[in-house]
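Every chain is numbered from 1 and lettered A, B, ... according to where its sequence line falls, protein lines coming before strand lines.
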There are 2 protein chains.
Amino acid sequence: MADWRQRLEDTTDEREDELTEFLSIPSISTEAAHRKDCRKAAEWLEQHLIEIGFDTGLHEVDGGHPLLDAELVVDEGAPTVTIYGHYDVQPPGDEAAWETPAFQPTILDDPDKGRVVRARGATDNKGQLMANLNAVKAHADAGTLPVNVRFLIEGEEEIGGDSLPTYIQRHEDDLDCEAVLVSDTHLWDADHPAIVHGLRGIVTLEATVEGPDRDLHSGQFGGAVLNPAEALVRALATLKDENLRVAVDGFYDDVLEVDDAQRKYMEQVPFDDEGFRQETGAPALDGERDRGPLERMWARPSLEINGLSAGYAGDGFKTILPASATLKLSCRIVADQDPDRIGQLLADHLREQVPDTVDVTIDVLQASDPWYLDPRNDVLEAAADSLASAFGGETVFIRNGASIPVVPDLDRLAPVALMGYGMRDERLHAPNEFFRLESFHAGSKAMGRMLERLGEDG
Amino acid sequence: MADWRQRLEDTTDEREDELTEFLSIPSISTEAAHRKDCRKAAEWLEQHLIEIGFDTGLHEVDGGHPLLDAELVVDEGAPTVTIYGHYDVQPPGDEAAWETPAFQPTILDDPDKGRVVRARGATDNKGQLMANLNAVKAHADAGTLPVNVRFLIEGEEEIGGDSLPTYIQRHEDDLDCEAVLVSDTHLWDADHPAIVHGLRGIVTLEATVEGPDRDLHSGQFGGAVLNPAEALVRALATLKDENLRVAVDGFYDDVLEVDDAQRKYMEQVPFDDEGFRQETGAPALDGERDRGPLERMWARPSLEINGLSAGYAGDGFKTILPASATLKLSCRIVADQDPDRIGQLLADHLREQVPDTVDVTIDVLQASDPWYLDPRNDVLEAAADSLASAFGGETVFIRNGASIPVVPDLDRLAPVALMGYGMRDERLHAPNEFFRLESFHAGSKAMGRMLERLGEDG
């Protein structure tokens, strides 16, 4: 009987066929017209898991897209490992920009990238998810599955849906496990697989400052009443000090400072300031002074004006004193900042800075938790080794400035290892998304090895 | 032979008929389709002036709408008085909002306002212009015209055209005169005719701050590069100090401070702070602290953000770090500020305040002169008396925070008396514009008296 590795080697064609079949389902969660396709993708997965031997359930939580909860118990005494994934995909976007249709998966031989499959969802997340599913199947078929496995596969990742968080909240005890594995990120570069061990949370807010009840003639009225745009601008300018450090009282109170160990992990990441600057297209890198760009993006909260609008800013000129000014602002927050508290601090600060000769309305819209896991952790170390064994190179421990809202929820169950198989250039959310088939198969090997490691540790 | 006053009394019907005829010409200077109507209005006026005995010329300056220059010399030794007016009008705007068509002048008996003529251009400026023309005609017919009169009537007031300024520049010596009279403003209120003796100039500028070459994901990139909106906001916030006084070096250098005499004129103006606040709809009046609202609007420069745009400020939320931010800003300046210098100071200040980790482009767009005339002046005193004699009440000397760009040009010829016959409520530039016929006839009497006064002074 072939071992799991051999089984993976022997079945690459079937696995690729399955992947293209899965990719051909347009399971676009953002579009109501594709609601049935979402269910179809969930059922397709369920069928596969049943064939492997899983007990499965498709759950419509509060009317959302089906959530697939599937469990394969090999030994009541063995550790349980939960693998997260999502079957929903982004809309294709500009269909004319696709060289082959988004939902007609196409396998290509690219001179630079090797064999790739091009389709919406290839790298985000169907390809990575199927790599993991294949590893479990190979182990199960070989009779070597060393741990109990649960798949939690949602259909609302691209819409930030509540089904999975709600499901976790309702069934937290039943979902208890030793590790949560997520493959929905990318290697740092071809020579450096990466474990993401920190994500920023987010707080968004909206403010409107109102003055006169209509746009006023700036000649007739200029100087008589406070310009709402000016009031807003002056308040906004107080949000940071001259070193671009946030100047809101208490803002940094709960920020976990980067310690020496963490700094060492960061220094191991090959990061080229000038190359990165070119990637942004900005004239220079800039931000909280005396902190490097990686630290600023990964380990420091950021505060950005996302939108600003007042008066008339189009072609030509209107000499008006605008009736109102609108702001969209957000903070990316880090462990252990509390999003609700930060939202409150920001709103209070802005409110205090706006004179009462104009009216101000501030709404905190969205608040999600940051996430941080110390890399000195058995699960993350096992994941790092497993990635390196399958992809080669040296695994780096990185953080990501963005949010993956489900991760803090999954973290309630067990340590979460973000061990992605994608590459930066795979055009996720853009036309002509693709996934390297070499990564697809290497991902299966990495997960196969990871399950072994978790079995050994258990 | 009836004197000029009697002639005015005896011919009110003819004068009203003429006015409605003139008002029926849709001489909209802003719309190319009405180019011929502009010429028609100019020719209509020319014909009237010829009948009175004027030597006339219609001048197309650099292809603009015809400029009417008409002169009636009664005595080479007598003073010459120039009367300015404009025959062009605003477009009707929302035609459905007009109770009677904009160019079908309608005479109505309004219970509150008395007899009025409703039509586009009624108060701005055809009604006021014809009142003056009628006064000259009455004097001419009575053989009592005490001064030489020149009419300078343009067709580009509503579009800020260059024909008249250019014409004045080219013929400054020929246009020499003792006084320029302009009736294109309004009484302060029913009991207070008004002479406007100061106008603000304007400087407009546009700035763009550019950072990354596209909107960046605020999670991935937030903290790495300076947000152009933030850079702009921080620069803008330095434009005024905590007392809302402009904090740009040298900005106030040439500002003519309000002296005791000027303050006395201001105090004679019945101004109700709370009533004015209600007119603006703002929660409170506010501006340069320790200066009253009238002084701020009339005698102090103002600096207003007219437009501001960055990122996405519409419904929903985009967590982006915007690629750029755009500003429209203007200053209303007062005597003796130089618009070009102020534009330069502002641009330099902003440029200095924007860090070089973003790119900034600043363009000064428009710069026009302020205008101020000391009310202790024979021409203005004569105008004040003439208005009071015809309209009753007490004439106040006021200033206006807006610009009438042609006035500083006319000022090169002689002292300019802005002696308007309109009322605030006459809906200029709005649907259902009207002009009180009582004011129409009183205006003629005021101008008739003014010409006498200027003859006596001469």
Side-chain angles (χ1 to χ4, degrees), chain A residues 200 202 204 211-214 216-227 229-230 233-234 236-237 276 280-288 293 296-297 300 302 304-313 317-322 325-326 328 330 332 355-359 365 401-403, chain B residues 200 202 204 211-214 216-227 229-230 233-234 236-237 276 280-288 293 296-297 300 302 304-313 317-322 325-326 328 330 332 355-359 365 401-403:
Chain A
R200 292 196 288 192
I202 189 168
T204 62
D213 59 11
R214 64 196 181 282
L216 297 178
H217 188 284
S218 76
Q220 300 288 354
F221 293 94
V225 298
L226 182 57
N227 184 322
E230 181 179 321
V233 153
R234 291 167 67 93
L236 284 174
F276 176 75
T280 67
L285 299 181
D286 198 5
E288 198 182 353
R296 296 200 306 261
M297 287 185 285
R300 300 294 292 175
S302 67
E304 301 293 351
I305 295 168
N306 306 108
L308 205 50
S309 174
Y312 179 78
F317 210 99
K318 292 190 182 173
T319 52
I320 51 172
L321 193 164
T326 303
K328 311 266 183 171
S330 65
R332 299 286 175 164
D356 57 9
T357 50
V358 289
D359 294 323
L365 302 176
S403 312
Chain B
R200 292 196 286 192
I202 189 168
T204 62
D213 58 12
R214 65 197 181 282
L216 297 179
H217 188 284
S218 76
Q220 300 289 354
F221 294 94
V225 298
L226 183 57
N227 184 321
E230 181 179 321
V233 153
R234 291 167 66 94
L236 284 174
F276 175 75
T280 67
L285 299 181
D286 199 5
E288 198 183 352
R296 296 200 305 262
M297 287 185 285
R300 300 293 293 175
S302 67
E304 302 293 351
I305 295 168
N306 306 109
L308 205 50
S309 174
Y312 179 77
F317 209 99
K318 293 190 182 173
T319 52
I320 50 172
L321 194 165
T326 303
K328 310 267 183 170
S330 65
R332 298 287 174 164
D356 58 9
T357 50
V358 289
D359 294 324
L365 302 176
S403 312

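Applying the side-chain contact (heavy atoms from CB on, under 4.5 Å) test to B:Thr204 and every residue at least two apart in sequence or in another chain returns A:Phe317, A:Thr319, B:Ile202, B:Ser330, B:Leu365, B:Gln366. B:Leu226 pairs by the side-chain contact (heavy atoms from CB on, under 4.5 Å) definition with A:Leu244, A:Asp286, B:Glu230, B:Ala231, B:Pro355, B:Thr357, B:Val358, not counting sequence neighbours.
Formation of a donor-acceptor pair under 3.5 Å by the B:Glu304 side chain with backbone atoms of A:Gly223 is found in this model. At distances below 3.5 Å, not a single donor-acceptor pair connects side-chain atoms of A:Arg234 with backbone N or O atoms of B:Leu236. Checking side-chain atoms of A:Arg214 against main-chain N and O of B:Gly281 turns up no donor-acceptor pair under 3.5 Å.
Closest approach of A:His217 and B:Ala402 over heavy atoms only: CE1-CB, 3.7 Å. Residues A:Leu308 and B:Ala229 come closest through the heavy atom pair CD2-CB, 4.5 Å. When all heavy atoms of B:Ser218 and A:Ser302 are compared, the closest pair comes out as O-OG, 4.3 Å. The two residues B:Gln220 and A:Met297 come nearest to each other via the heavy atoms O-SD, 3.2 Å. The shortest heavy-atom contact between A:Ala313 and B:Thr326 is O-CG2, 4.2 Å. Residues B:Pro283 and A:Asp359 approach most closely at CG-OD2, 3.6 Å, considering heavy atoms.
Among B:Ser309, B:Ala310, B:Gly287, B:Gly401, the residue making the largest number of heavy-atom pairs under 4.5 Å with chain A is B:Ala310. By number of non-hydrogen pairs under 4.5 angstrom with chain A, the leading residue of B:Ala325, B:Ser403, B:Gly211, B:Gly311 is B:Gly211. Highest contact tally toward chain B, considering only A:Ala224, A:Gly307, A:Pro293, A:Ala237, is held by A:Ala224 [criterion: heavy-atom pairs under 4.5 Å].
Once rounded to the nearest 0.5 Å, the distance linking CG of B:Asn306 with CG of A:Asn227 reads 7.5 Å.
Annotation for B:Asp356: atom CG does not count as buried by contact number, only 12 or fewer foreign heavy atoms lying within 6.0 Å.
Contact annotation for A:Lys328: both backbone and side-chain heavy atoms come within less than 4.5 Å of a heavy atom of chain B.
Side-chain atoms of A:Leu216 and B:Thr280, non-hydrogen and from C-beta on, do get closer than 4.5 Å to each other.
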